[in-house]
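In what follows, every heavy atom counts, from backbone to side chain, and hydrogens, waters and symmetry copies are set aside.
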Amino acid sequence: MAVNKSFVVKNGIEVATDLIYGTSDLKKVGIGSTIPGDTLDVRGGIAVTDISATGYINVAGVATFSNTVIISGITTLASSGGITTTGGDLYVGGDLYVSDDVVYDEVTGRNLNITGVGTIATVDIYAGDIEVSNVDTT
């Protein structure tokens, strides 16, 4: 049987020690490891630059980030109506725009500016001053 490929590996491959390792038994590839724990297991940093004609990374399914993730540019999370969760603090360095409802369990802050119609059922003031202007009651 002829194979129309210029490079074929049948049983596994190892390039240098812990550089690239692949095994046909486990059907896993390790980069920086000879014991891959997943289909593609990368040990070390990853740099990605314009990986496709559109220049984006597509992660489908569940993605877990257990350390720092730095994203530059525009990022869309769950644009198709999925769920995005964070188990810890979420820091936004600029403005946060929300196009649908925001549900609060507890809010702590310095300034609250409500424009348009706002309904507040209870206000507790523990310290400091409160300033209210332009209030109309019908």
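- Asp101 and Val98 make their closest contact through O-CG1, 4.2 Å (heavy atoms, listed as atom of the first residue, atom of the second, distance).
- Summarising the geometry, atom CD1 belonging to Ile20 is positioned 13.0 Å from atom OG1 belonging to Thr34; distances are rounded to the nearest 0.5 Å.
- Under the side-chain hydrogen bond (donor to acceptor under 3.5 Å, both in side chains) criterion, Asp38 pairs with no residue at all, not counting sequence neighbours.
- If you chain together hydrophobic residues whose side chains sit under 4.5 Å apart, Val29 and Leu26 never meet in one group.
- Here the options are Ile31, Asp41, Val42, the test is side chain to side chain contact (heavy atoms under 4.5 Å, CB included), and the partner is Pro36; only Asp41 passes.
- For Ile35, the side-chain contact (heavy atoms from CB on, under 4.5 Å) test picks out Ser33, with sequence neighbours left out.
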